[in-house]
> 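This is the structure I have questions about; it appears just below.
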Number of protein chains: 2
Amino acid sequence: MIKHDVESCAKARLAIRDTLDVVGGKWKLVLISVLRSGKKGFNELAREAGISPRILSKELQELEMNGLVSREVCNTKPVTVQYQLTPYSETLNDVLVAMEQWGDRHRQKIISRE
Amino acid sequence: MIKHDVESCAKARLAIRDTLDVVGGKWKLVLISVLRSGKKGFNELAREAGISPRILSKELQELEMNGLVSREVCNTKPVTVQYQLTPYSETLNDVLVAMEQWGDRHRQKIISRE
DNA sequence: ATCATAACTATCCTTTTTGTAACTACTATC
DNA sequence: GATAGTAGTTACAAAAAGGATAGTTATGAT
């Protein structure tokens, strides 16, 4: 059960702001979602997510700083870099799942009433 | 269990984008969170959320358009308006709760390692 | 030597978002 | 009449976010 008094709501607001600070914005959750299908290279990620390199680079750095994504440089012919989710990123599963489900159902709702 | 193949991930990304379109941004979820403690007037909401009237007005309109908040004009001495969550907004509970918990735990994590 | 690929970075620019401050309309009170 | 409270709106400015394009470094293939 969730409390709705003034004090607990202030806490809730703070927590939501914190979450938004880390995974808010247009790309963070999308990138995490993409990375759930396995580690990816930079360009691969850019293609799959439909994001420009400049933004991708910035977003990945932020995700890395927050411990959600790890960057691994591989000693391949042309140096490649692999990005993958960290174990800590799994703590976001509930958020991810909740948003996926809600988005899906909301879309159904919109479509069905047109 | 969650699938991670290319196809289901594309769907997941779409759903996440949809969700972000509706409740993304700096204020939407915060306002919903504030409104969970009961119906509020315009200025009351502005004060509690720390948001300027201009933004508040815009955000409330969008929330209303998406069926998450309802606006009720009351016939009081100075006309007052009550904003409150709709039943449909309850479908966001999982998202809200997940984000509140994650934000809270993430904060703990950050604090404890400083 | 030239071209291609991977992973970025730099520059420039546009759009979106957010904020400030002032102002409107209406009523009630001092 | 002046002032205050409610619910906004308007005009303007600043900042943040996002995007397009080209360039850089490094390596290997042709």
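A note on names: the letters A, B, ... follow the listed sequences, proteins ahead of strands, and every chain is numbered from 1. The structure presented is a predicted model; accordingly, all values stated were derived computationally and were not measured.
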> Closer than 3.5 angstrom, by distance alone: can the side chain of A:Asp104 be matched with the main-chain N or O of A:Glu100 as a donor-acceptor pair?
no
> Reading nucleotides 13-18 of chain C 5' to 3', which nucleotides get B (base under 4.0 Å from a protein heavy atom), which S (sugar-phosphate only), which -?
-----B
> For A:Thr86, does its backbone N or O pair with a side-chain atom of A:Ser70 as donor and acceptor, under 3.5 Å?
no
> So, for A:Val30 and B:Arg13, which heavy atoms are closest and what is the spacing to 0.1 Å?
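Shortest heavy-atom contact: CG1-CG, 3.6 Å.
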> Rounded off to whole Å, could you give me the NZ-to-P distance for the B:Lys40 and D:dT6 pair?
15 Å
> Anything under 3.5 Å between a protein N or O and an N or O of nucleotides 27-30 of chain D, put it in a table, one pair a line.
residue : atom : partner : partner atom : Å
D:dT27  : O3'  : A:Lys77 : O            : 3.4

> What side-chain hydrogen bond (donor to acceptor under 3.5 Å, both in side chains) pairs are there with at least one residue in residues 17-27 of chain A, not counting sequence neighbours?
A:Asp18-B:Arg107
> Separation of B:Glu44 atom CD from D:dA7 atom C1', in whole Å?
13 Å
> Kindly point out which of C:dT9, D:dT6, C:dA7 is positioned nearest to the side chain of A:Pro53?
C:dT9
> Say whether, by atom type as modelled, one donor and one acceptor occur between the side chain of A:Ser37 and the main chain of A:Val34 under 3.5 angstrom.
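At least one qualifying donor-acceptor pair exists.
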> Given atom CD1 of B:Ile51 and atom P of C:dT20, what is their separation to the nearest angstrom?
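Spelled out: CD1 on B:Ile51 to P on C:dT20 is 11 Å.
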> Take the protein atom CZ of B:Phe42 and the nucleotide atom C1' of C:dA25, then report the distance between them rounded to whole Å.
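From B:Phe42 CZ to C:dA25 C1': 14 Å.
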> Quick one: does B:Arg113's side chain have a donor or acceptor within less than 3.5 Å of a partner on B:Gln108's backbone?
no
> Just by modelled atom types, is the B:Gln61 backbone N or O under 3.5 Å from a matching donor or acceptor in the B:Glu64 side chain?
no
> Whole angstrom is fine here: how far is it from CG in A:Leu60 over to C1' in C:dT9?
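After rounding, the reported distance stands at 14 Å.
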> CD of B:Glu72 versus P of D:dG8: gap in Å, rounded?
13 Å
> Check this one for me: any side-chain N or O of B:Tyr83 less than 4.0 Å away from OP1 or OP2 of D:dT6?
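So the side-chain polar atoms of B:Tyr83 never come under 4.0 Å of the phosphate oxygens OP1 or OP2 of D:dT6.
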> Identify, between A:Thr80 and A:Ser57, the residue whose nearest nucleotide on DNA chain C lies closer to the 5' end.
A:Thr80
> State, to 0.1 Å, how close A:Arg36 and A:Asn93 come at their nearest heavy-atom pair, and which atoms those are.
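Heavy-atom minimum between the residues: NH2-OD1, 2.7 Å.
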> Find which nucleotide of DNA chain D each of B:Arg47 and B:Gln61 is nearest to by heavy atoms, and output the residue with the more 5' nucleotide.
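That would be B:Arg47.
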> Looking only at heavy atoms, what is the nearest atom pair of B:Gly25 and A:Leu20, with distance?
O-CD1, 3.6 Å
> Nearest whole Å is fine: how far is D:dG18 C1' from B:Asp21 CG?
15 Å
> Could you check how far CG of A:Leu56 sits from P of D:dA17, rounded to whole Å?
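Spelled out: CG on A:Leu56 to P on D:dA17 is 16 Å.
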